[in-house]
Amino acid sequence: MEHEKIEKKWQEIWEKERVFHAKDFDNKPKFYGLIEFPYPSGVGLHIGHIKAFSSMEVISRMKRLQGYNVLFPIGWDAFGLPTENYAIKHNIPPRVATDENIKNIKKQLKKSGFSFDWDREIDTTDENYYKWTQWIFCQLYKKGLAYKSKALVNYCPSCDVILSNEESQGGICDRCSSQVVQKEKEVWFLKIREYAERLLNGLDKLDFPERVKEEQRHWIGRSTGAEVDFGICINNKKVDKLTVYTTRCDTLFGVTFMVVAPEHPIIEKYKKSIENIEEVRAYQESAKKKSEFDRIQLNKDKTGVELKGIKGINPITNEEVPIFIADYVMLGYGTGAIMAVPAHDTRDYEFAKKFNIDIKPVIKGGDIEKEAYIDIQDGVMINSDFLDGLKVEEAKKKMLEYLEDKKIGQAKVNYQMKDWAFNRQRYWGEPFPIIYCDKCGTVLVPEEDLPVKLPAVKEFKPSKNGESPLAQVEEWVNCKCPKCGGKARRETDTMPQWAGSSWYFLRYMDPHNDKELASKDKLKYWGPVDWYNGGMEHVTRHLIYSRFWNMFLYDLGVVPFEEPYKKRSTQGLVLGEDGNKMSKSLGNVVDFTEIIDKYGADVLRLYILFMADYESAAPWSSKNINGCKRFLERVERMTSLVDKYDGVHGEHITMLNELINKVTNDINTLKFNTAISALMTFVNNIYQDKYLSKIEFSEFLQLLYPFAPHFAEEMNERLGNKTYICKSNWPVEKEDNSKKMINLPVQVNGKMKELIKVEFDISKEEVLKLIENNEKLAGFIAGGIKKVIFVPNKIINLIV
RNA sequence: GCCGAAGUGGCGGAAUGGUAGACGCACAAGACUCAAAAUCUUGCGAGAGCAAUCUCAUGAGGGUUCGAGUCCCUCCUUCGGUACCA
């Protein structure tokens, strides 16, 4: 079959018939299937995209035949670094580059035969789209959830851009792999931490894979503990308090020193009292130079400097303890200060060993000469006054009561998740709807003035002083204050990559609305997303950010559902033929457009879904794909076996029913590989029988349709069917009056001996009778049967 | 270190605690052909046997069970995530 011709033909027919069009407020049950919209980068799509999109594609194709009103949309996450870097590299304005790339990728997607509803195509860089991204920011600002503050940020010297923690994991820039350094900057933050608890608790109700939930939980990083007010004293006189965060307030009697982060404000406050301030300053400087990554790398070798001249006071024992600064304590977590209990914390232990500090055990057991002893399960308190004899959990509780009673401490929940650093010094992003006025301060752009359009510029490369290129566009930057009408300047930073993708699934439900981000009625009809498939790499950032925005919009009353995604699944990577991750440097990248040219989109999709379990990574094979090609050719030749029988042959009913059942279930559980193998088995069986009816063939083609839609449509037409498959109804199981026969395995002492063909639902007694009459099996039971395990329709096991 | 996933033929991979290796690839033999390709048929975990058949076999070692690739314990390896988070 000429795949090029028939694929083009059916793509045109589907488009003309508008079969993938999602109808608002239709009476049919709705199904909203979502895939992660692609970045329109210059290199086009990757074979991984094809796999990623194929799950919802297959499910959507089936669901439409099953009578669902399916929303399966597509769009472009076009702001952000990949596009901008491409534009800079090729010296093309980002707008032009984006449009070119979109055009190219759109062509690739259409050629691949995806059943997207193109009427709902969105583009995050379209001003009608980012108007609403800006609008959401305005609401966040109004609710006090967006703020600007000075902060140490991850800064990539090569890209000249500030990165979020998510974009600089491991201290490496996400985009260019350069080493990230720390820099102090005025940064916009979104208070995602205010939603931490809800983001965490919401997970329980969601149909996400457990590992996805675990990663999100870990990312949010909730820990329960206590803040305890230690004292600071100078010359034996208490002058201040120093609050620490601990999850182990039960060990308060074991504190032998304190540690604060190098940037902790007490150093500046008491610099006059610190005798070795020069040494301290030197340490602060060296810590600043180290990126967060370096700190981690050096985690075996603890460093620090004692703050001589000031001491900490343990509020329980009133003992004086030394205070150190050390870079193993982070300013950004807890209070930036800790109480150190070397006997029961590995880090404190290492530090104490190095600096010769006392190690005082407060939990029985272990050998503190060798290592810190940690037993939160069964540990029993010692050397701890009123806690002695209690187990750790009980001691925690009692200590906390004591602290709260004496007003020297309180229960405290902390989250590892930091507020979301929400700006970049780049051109290709959403401008902030923010104006700075000398008189009025920070002023929001009024809603009627949205969108704040991104001006066309000549110089879109990042400038070397770390400022956004927008800062150089005087006529854009200088504006009137919306409040007082006086001279004012616009915010020149832009929003990060994740902004536009944090709410795009909402826009799909009402993409052309110019009054609101989406009408509530349409959100109510389509939302929430029934099934969202995407990559494991977006589980912690994109998924959490978008859940946060959705929750916020829910609180505002704009969105009628709190959680945006009912169900989430993840595809495994397509690895290179050598088993490694595909990469240009390894030269193992497979160009899927070449595969389409050679084999067609149907064979490509069939093979991608057949090669392994959908959710696990699997290597590409240019040999194995032949099997899928041959399979379709075999199906094509099956035409010659079609007889004149009007109906389903009695002998084929069971087989066909099983196929319908299997394919339907497998598609619903992403087991595409076994669905396809069942289709193959069916064909093999038909070849054995050498006949099938037209109806059998037609239903087979319907089942094949989600995986090889063009081919199935073409074959269906050749069979003489007047109705397109895309407009047909998904096959259902037929009444089966035939006596169902099964092969029942017979085990003797747990070992398989024989298969006997029996009627379905046969009784134990009848089976035993058959066994007695079976020449071979009778021999085994000649010595008498001790015990019989009979599992109806499954197995019989004879213990002799 | 911690969290998660996984280890099954020559290869990709199937198996609600119940026939291990479905389906496909590769390979071999046969049919068709002048020949090749394509196609069709058959075989294809290892060992023993003319054979029927038997024994062994799902990373290693234990255990639970009538029965374990699947559940439990200990360990090894690989991959992914994460990390001085107090």
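None of these values were measured; they are calculated from a predicted model. In what follows, every chain begins at residue 1, and chains take the letters A, B, ... in the order their sequences are listed.
Note on A:Ile799: only backbone sugar-phosphate atoms sit closer than 4.0 angstrom, heavy atoms only; bases stay farther off. A:Lys786 comes within 4.0 angstrom of no nucleic acid atom, judged by non-hydrogen atoms across all strands. As judged by a 4.0 angstrom heavy-atom cut-off over every strand, A:Lys794 is placed among the base-contacting residues. Across all strands, A:Ala617 comes closer than 4.0 Å only to sugar-phosphate atoms, never to a base (heavy-atom distances). Nucleic acid contact class of A:Asn684 (heavy atoms, under 4.0 Å, all strands): sugar-phosphate only. In this structure, A:Ser621 reaches neither bases nor backbone, as no heavy-atom distance under 4.0 Å exists between it and the strands shown. Within 4.0 Å (heavy atoms only), A:Glu215 reaches sugar-phosphate atoms of the nucleic acid but no base atom. Residue contacts shown for A:Tyr415 are absent, as no nucleic acid heavy atom lies under 4.0 Å away.
As rounded to the nearest Å, B:U74 and B:C2 have P atoms that lie 13 Å from one another. As rounded to the nearest Å, B:U58 and B:G43 have C1' atoms that lie 23 Å from one another. Nucleotides B:G63 and B:G17 are separated by 15 Å at their C1' atoms, to the nearest Å. Taking the P atom of each, B:C44 and B:A22 are spaced 10 Å apart, rounded to whole Å. Separating the P atom of B:A5 from that of B:G12 is a span of 22 Å, rounded to the nearest Å. Between the P atoms of B:U64 and B:C50, the separation comes to 40 Å (whole Å). B:A29 and B:G21: their C1' atoms are spaced 23 Å apart (whole Å). When the P atom is used for both B:G7 and B:A60, the distance is 13 Å, rounded to whole Å.
Nearest to the side chain of A:Gln416, among B:U42, B:C85, B:G24, sits B:C85. Of the candidates B:U42, B:C25, B:C66, the closest approach to any side-chain atom of A:Ile789 belongs to B:C66. Nearest to the side-chain atoms of A:Asn624 among the listed nucleotides B:A86, B:G12, B:U41 stands B:G12. In this structure, the nucleotide among B:G18, B:C84, B:G4 sitting nearest to the side chain of A:Arg211 is B:G4. Distance from the side chain of A:Lys787 is smallest for B:C66 among the nucleotides B:C66, B:U19, B:A26. Side-chain proximity of A:Thr247 to the nucleotides B:C23, B:A86, B:G13 is greatest for B:A86. Residue A:Lys753 places its side chain closer to B:C54 than to any other of B:C54, B:U82, B:C84. Side-chain atoms of A:Tyr687 lie closest to B:C40 of the nucleotides B:G12, B:C40, B:C84. Side chain of A:Gln688, nearest nucleotide from B:A86, B:U41, B:U19: B:U41. Comparing B:A20, B:G12, B:G18 by their closest approach to the side chain of A:Pro619 singles out B:G12.
A close approach under 4.0 Å does not occur between any side-chain nitrogen or oxygen of A:Lys690 and OP1 or OP2 of B:U41. One finds a side-chain N or O of A:Tyr333 lying less than 4.0 angstrom from the OP1 or OP2 phosphate oxygen of B:A86. Taking only side-chain nitrogens and oxygens, A:Arg347 comes nearer than 4.0 Å to OP1 or OP2 of B:C85. At the phosphate of B:C79, neither OP1 nor OP2 sits under 4.0 Å from any side-chain N or O atom of A:Asn580. OP1 or OP2 of B:C85 has not a single side-chain nitrogen or oxygen of A:Arg222 nearer than 4.0 Å. Proximity of A:Asn673 to the phosphate of B:G24: no side-chain N or O atom is located under 4.0 Å from OP1 or OP2. Here A:Arg217 does not reach the OP1 or OP2 of B:G4: none of its side-chain N or O atoms lies under 4.0 Å away. A close approach under 4.0 Å does occur between a side-chain nitrogen or oxygen of A:Arg630 and OP1 or OP2 of B:A26.
Taking atom CD1 of residue A:Ile686 and atom P of nucleotide B:C40, one finds them 15 Å apart after rounding to whole Å. Atom CZ of A:Phe631 and atom P of B:G12 are 23 Å apart (whole Å). B:U78 atom C1' lies 13 Å from atom CG of A:Leu575, rounded to whole Å. Taking atom CD of residue A:Glu636 and atom P of nucleotide B:A38, one finds them 17 Å apart after rounding to whole Å. In this structure, A:Asp613 places its CG atom 12 Å from C1' of B:A5, rounding to the nearest Å. What separates CE of A:Met330 from C1' of B:C85 is a distance of 8 Å, to the nearest Å. Across the protein-nucleic acid pair, A:Leu609 atom CG and B:G13 atom C1' stand 15 Å apart, rounded to whole Å. Regarding A:Leu679, its CG atom lies at a distance of 14 Å from the C1' atom of B:A22, rounded to whole Å.
Each of A:Ala678 and A:Met752 has a nearest nucleotide on RNA chain B; the 5'-most of these lies closest to A:Met752. Nearest-nucleotide positions on RNA chain B for A:Asn749 and A:Gly336 put A:Asn749 closer to the 5' end.
The main-chain N or O of A:Tyr373 is found under 3.5 Å from a side-chain atom of A:His344 such that the two form a donor-acceptor pair. For A:Lys581 (side chain) and A:Leu573 (main-chain N/O), no donor-acceptor pair under 3.5 Å exists by modelled atom type. The closest donor-acceptor contact from the side chain of A:Asp345 to the backbone of A:Ala372 lies at 3.5 Å or more, if one exists at all.
A donor and an acceptor atom sit less than 3.5 Å apart, one in the side chain of A:Lys302 and one in the base of B:C84. Evaluation of atom-type donor-acceptor distances gives no pair under 3.5 Å for the side chain of A:Glu214 against the base of B:G81. If you check distances only, the side chain of A:Asn797 does reach the base of B:C66 with a donor-acceptor pair under 3.5 Å.
None of A:Asn665, A:Asp613, A:Asp666 except one satisfies the side chain to side chain donor-acceptor pair (under 3.5 Å) rule with A:Thr674; the exception is A:Asp666.
Taking every heavy atom of both residues into account, A:Leu659 and A:Ala678 meet most closely at CD1-O, 3.4 Å.
A ring-centre distance under 6.0 Å is found for A:Phe351 and A:Phe257.
A syn base is found at B:G9: its glycosidic angle is within 90° of 0.
Of the nucleotides present, none pairs with B:G69 by Watson-Crick or G-U wobble criteria with both distances under 3.5 Å.
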